[in-house]
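Reading through the structure tokens given below for one structure.
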Number of protein chains: 2
Amino acid sequence: MIVEIVSTGTELLLGQIVNTNAPYMARRLNEIGFDVLFQSTVGDNRVRMTQVLSTALARADIVITTGGLGPTQGDITKEVSAELLGRPMQLHAPSLENIKRFFASRRLTMPDNNIRQAMFPEGAIVLDNARGTAPGAVIEADGKTVIHLPGPPHEMEHMLENAVIPYLRERFELQGTILSKVLRTFGLGESSLEERIKDYIKNQGNPTIALLARNAEIHVRLTAKASSDAEARALIADLEGRLRAHIGEYIFGEDEDTLEAVVGRHLAAQNLTLALAESCTGGLVSSRLTDVPGSSAYLAGAVVCYSNEVKTSAVGVPAEIIAAHGAVSGETAIAMAEGIRDRFRTDLGIGITGIAGPGGAVPGKPVGLVFIAIAGPSGTKCFGYNLTGPRSFIRHRTALAALNHLRQYVLGVI
Amino acid sequence: MIVEIVSTGTELLLGQIVNTNAPYMARRLNEIGFDVLFQSTVGDNRVRMTQVLSTALARADIVITTGGLGPTQGDITKEVSAELLGRPMQLHAPSLENIKRFFASRRLTMPDNNIRQAMFPEGAIVLDNARGTAPGAVIEADGKTVIHLPGPPHEMEHMLENAVIPYLRERFELQGTILSKVLRTFGLGESSLEERIKDYIKNQGNPTIALLARNAEIHVRLTAKASSDAEARALIADLEGRLRAHIGEYIFGEDEDTLEAVVGRHLAAQNLTLALAESCTGGLVSSRLTDVPGSSAYLAGAVVCYSNEVKTSAVGVPAEIIAAHGAVSGETAIAMAEGIRDRFRTDLGIGITGIAGPGGAVPGKPVGLVFIAIAGPSGTKCFGYNLTGPRSFIRHRTALAALNHLRQYVLGVI
């Protein structure tokens with residue numbers, strides 16, 4: 001069944017608010033097996049809304065609208081579809097009673113224009129609104145299903161979950177299930193990652209494979225259709241196993257995992273404590289690690305050492321090392337990692353130094369030159385990078401690389 | 001001129017990510033006088049993308065797409081419009097050189113499939129991508145203007161502002177002007193702020209007034225239409241002056257100003273240096289301050305002191321104070337601010353301690369209890385908060401409050 005989501009509202013069209021309804025509906029409808037293939041947004045304008053709705057009815061089996069069910073003259077969604085479907089508007093007495101009760105319960109008298117919220121296209125199935133005054137509606141016409149939902153997200157979501165999805169399940173006798181699993185990778189570019197598994201991508205069937213770039217991470221999404229959850233999970237597990245043989249070393253987590261949460265779990269499981277000395281990332285790694293509840297169990301603390309003086313006084317980097325190799329050097333990163341580990345008496349220490357730009361470059365040391373060192377029970381490892389991009393990207397990329405190297409160090413793979 | 005925005009990408013269609021590109025583009029294009037009347041979203045599917053693009057070309061003068069310019073087989077936007085417009089794909093040599101340089105600068109060899117990013121419909125005007133490898137394109141065909149932009153927001157926004165808007169202004173000889181100015185406020189809720197200027201909002205004309213809540217900041221956007229930039233600026237300046245009389249104390253900056261950038265400018269202007277001792281924010285304030293280019297001029301460093309031991313050893317908080325008042329107390333915040341100022345020999349010191357949750361609450365000290373202290377030439381000030389919300393919100397809100405108090409301290413208003 002092909003679904004089109006039509007979001008109505010001039011505030012959406014003008015970009016004054018971000019549309020969170022469409023992605024929510026799309027996610028839920030795809031999960032239960034519908035194909036949301038089109039999404040449209042149109043303002044509160046009769047001519048153009050008619051245009052958009054008729055286009056939607058021509059290419060989709062199910063058209064779901066949000067917005068425009070309110071009491072004002074600008075709320076025209078039901079009228080437009082009534083005209084399009086040739087169904088005159090009729091008063092729905094029970095809805096009018098509900099709306100009157102809603103106002104009475106707030107000791108308010110109902111303004112006359114709220115009567116419009118109780119008017120529906122002839123033959124519509126009315127959906128109560130448990131969280132507001134605007135009821136929704138389902139209209140079956142000419143083999144198409146048209147569904148009108150309110151615009152406020154908490155009203156829409158409640159109506160979708162409790163009225164629309166049950167209705168659609170029954171109406172279309174939904175069989176089977178669709179499950180997705182995301183494998184989160186870091187350290188390999190999108191095209192290089194695709195190169196490694198291109199045969200699986202080219203010959204994909206069920207499960208399908210999709211690559212998504214997300215803030216310097218690449219996510220591999222596997223989606224399986226099956227008659228049962230167990231069967232779908234088995235299909236995903238089989239493909240996942242084969243993919244891991246090619247890209248396993250770059251997979252750091254699944255679904256909602258973040259690098260900091262994964263690293264945190266490893267540190268907690270191994271009872272390891274950590275301290276950081278951050279120069280170019282300026283506290284970014286520390287703030288990500290501490291964003292995880294319970295991180296105080298393994299993170300003793302960090303020093304943001306922007307100045308060479310602080311690198312020496314608070315982290316214990318020998319001034320001679322900075323003098324001999326420069327603040328941005330592998331030697332200094334190593335001294336930072338070992339110094340902070342020593343000062344904070346932790347199992348692990350991380351040192352990060354680099355040139356985030358736009359200023360700070362010196363001959364032989366361009367913007368984007370970064371060194372990350374990790375000191376711990378299995379010795380000290382140091383990694384150098386030449387990153388390009390704006391300051392914030394270099395800092396973000398460096399923070400992720402540090403978290404990922406920490407993960408690899410704790411797992412003993414570096 | 002009627003504009004349709006076409007967002008492409010299966011991840012958008014499935015609702016895995018929220019579409020922030022479309023509202024950004026709609027807002028900016030409306031501001032300069034175009035009518036964005038339709039927005040569509042379609043997946044990476046040739047047949048349906050062709051369907052959506054031809055519908056768009058039929059009802060709009062300008063069609064702007066985002067996404068699908070990447071190197072993978074799923075990136076088909078340019079091919080689809082080339083076929084639709086009857087323009088064969090051609091290699092754009094300069095773009096290929098740019099992409100090769102991009103990889104070379106990262107000491108990587110360019111995968112062959114990146115060549116696809118240098119292929120464009122015949123006659124296309126190629127738009128360089130300053131922030132990634134995928135160039136954009138403008139195609140003039142049959143009286144319509146088709147524009148392809150990359151999907152990653154920071155790439156799209158840069159290309160829209162620096163290439164597309166200047167092109168459209170010239171191409172359509174935009175008459176008159178529409179200018180916007182944003183007054184960024186912090187410290188007052190949306191409804192309280194609205195209450196203070198409700199008469200201006202109710203009687204607004206030209207300029208218009210819009211309140212936008214943005215991550216705990218409230219932005220007041222003034223938009224003026226006029227025959228010249230100078231006239232529009234004058235209209236905005238007049239209204240701004242009157243608004244500042246009511247909410248001036250809460251306005252910390254304008255347009256793209258961030259609290260950290262504004263604070264940084266004040267510190268640099270007054271030749272003040274700063275050090276931080278962060279507990280519950282875990283480096284968040286420091287990472288925001290160091291996100292500003294040149295921040296090394298005033299930020300000596302910071303200590304993230306999660307454990308009491310580190311508060312004492314690295315920041316110099318007397319153990320007795322923690323013992324007597326607890327780690328989360330005004331006394332400890334003050335000792336952190338004064339301790340770090342002393343240790344790092346800076347003009348200013350900030351101490352932040354609190355309970356971000358979900359754990360950590362003790363009798364009398366609930367989740368959300370936060371203390372922020374600032375030590376400096378005009379003495380030490382301490383502020384207490386009882387915040388509610390999830391961990392990340394409490395951390396974010398605390399970081400903003402600390403930056404704002406620092407701004408007030410440096411300006412001498414607290």
Side-chain angles (χ1 to χ4, degrees), chain A residues 13-20 22-27 30 36-43 48 51-52 55 59 190-192 194-195 201 210-212 281-284 286-287 289-291 293-294 296 299-307 310 314 344 358-359 386 388-392 395, chain B residues 10-11 13-20 22-27 30 36-43 48 51-52 55 59 70-72 102 105-107 111 113-114 131 210 282-284 286-287 289-291 293-294 296 299-307 310 314 344 358-359 391-392 395:
Chain A
L13 207 55
L14 294 177
Q16 287 161 344
I17 59 173
V18 170
N19 186 349
T20 57
Y24 181 94
M25 296 164 72
R27 205 164 51 245
N30 277 289
V36 177
L37 297 185
F38 305 95
Q39 295 175 15
S40 307
T41 301
V42 66
R48 290 187 292 272
Q51 209 173 339
V52 166
T55 302
R59 62 191 179 189
E190 184 173 17
S191 48
S192 313
E194 186 188 35
E195 194 68 26
I201 293 174
L211 296 191
L212 314 166
T281 43
L284 195 51
S286 174
S287 70
L289 282 166
T290 55
D291 203 31
S296 49
L299 186 78
V303 170
V304 175
C305 44
Y306 245 40
S307 69
V310 171
F344 282 26
N386 275 287
T388 54
R391 178 182 181 87
S392 59
R395 284 160 47 90
Chain B
T10 301
E11 70 276 22
L13 206 55
L14 294 176
Q16 286 159 342
I17 57 172
V18 170
N19 186 348
T20 57
Y24 181 95
M25 295 165 72
R27 204 163 55 243
N30 277 289
V36 177
L37 297 186
F38 305 95
Q39 295 175 14
S40 307
T41 302
V42 65
R48 290 186 291 273
Q51 209 172 339
V52 167
T55 302
R59 63 192 178 188
T72 76
F102 181 90
S105 71
R106 297 179 173 199
R107 291 182 170 56
N113 47 16
N114 279 79
R131 297 182 171 181
L284 196 51
S286 174
S287 71
L289 283 165
T290 55
D291 202 31
S296 50
L299 186 78
V303 170
V304 175
C305 43
Y306 246 40
S307 69
V310 171
F344 282 26
R391 178 181 180 86
S392 59
R395 284 161 47 90

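Every value quoted in this text rests on a predicted model; they were computed, and no experiment measured them. In what follows, chains are A, B, ... by sequence order, proteins preceding strands, each numbered from 1.
- Comparing A:T20, A:I201, A:V36, A:V18 by heavy-atom pairs within less than 4.5 Å of chain B, the highest count is held by A:V36.
- Each of A:V310, A:V42, A:D291 has some count of heavy-atom pairs under 4.5 Å with chain B, and the biggest count is that of A:D291.
- When heavy atoms are compared at a cutoff of 4.5 Å, A:F38 approaches chain B by way of both its backbone and its side chain.
- Each of A:A302, A:G294, A:P23, A:G389 has some count of heavy-atom pairs under 4.5 Å with chain B, and the biggest count is that of A:A302.
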Run the side-chain contact (heavy atoms from CB on, under 4.5 Å) test on A:T41 and A:L13 for me, step by step, so that the C-alpha distance in whole Å, both residues' side-chain angles and the decisive distance to 0.1 Å come before the verdict. CA-CA 7 Å; A:T41 301; A:L13 207 55; 4.2 Å; yes

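- Heavy-atom pairs under 4.5 Å with chain A peak, among B:G43, B:A300, B:A314, at B:A300.
- Here CG of B:N114 is found 10.0 Å from CD of A:E195. Values are rounded to the nearest 0.5 Å.
- Heavy atoms closer than 4.5 Å to chain A are found in both the backbone and the side chain of B:P293.
- If you take CZ on B:R107 and OG1 on A:T388, they are separated by 11.0 Å, rounding to the nearest 0.5 Å.
- We find the CG-CG distance between B:L284 and B:L289 to be 10.0 Å, quoted to the nearest 0.5 Å.
- When heavy atoms are compared at a cutoff of 4.5 Å, B:T10 approaches chain A solely by way of its side chain, counted from C-beta outward.
- Proximity to chain B (any heavy atom under 4.5 Å) is shown, for A:V303, by both the backbone and the side chain.
- At a 4.5 Å heavy-atom cutoff, the contact between B:I17 and chain A is made by backbone and side-chain atoms alike.
- Top candidate by heavy-atom pairs under 4.5 Å with chain B, chosen from A:G301, A:S307, A:A210, A:S286, is A:S286.
- Annotation: side chain of A:N386 is not in contact with side chain of B:S105 (no heavy-atom distance under 4.5 Å).
- Residue A:N30 touches chain B through its side chain alone, counting heavy-atom pairs closer than 4.5 Å.
- Comparing A:C305, A:S40, A:G359 by how many heavy-atom pairs each has under 4.5 Å with chain B, the most go to A:S40.
- If you take OG on A:S191 and CG on A:L211, they are separated by 10.0 Å, rounding to the nearest 0.5 Å.
- Under a 3.5 Å cut-off, the side chain of A:R395 and the backbone N or O of B:S287 do form a donor-acceptor pair.
- Chain B forms the most heavy-atom pairs under 4.5 Å with one residue out of A:M25, A:R391, A:R27, and that residue is A:R391.
- Heavy atoms closer than 4.5 Å to chain A are found nowhere in B:A22, neither backbone nor side chain.
- Atoms CD and CG, on B:Q39 and B:N19 in that order, are 7.5 Å from each other to the nearest 0.5 Å.
- Of all the heavy atoms in A:G282 and A:Y306, the pair that sits closest is CA-CE1, 4.3 Å.
- Contacts between A:L37 and chain B at a heavy-atom distance below 4.5 Å involve backbone atoms as well as side-chain atoms.
- Counting only heavy atoms from C-beta outward, the side chains of B:V52 and A:R59 approach each other to under 4.5 Å.
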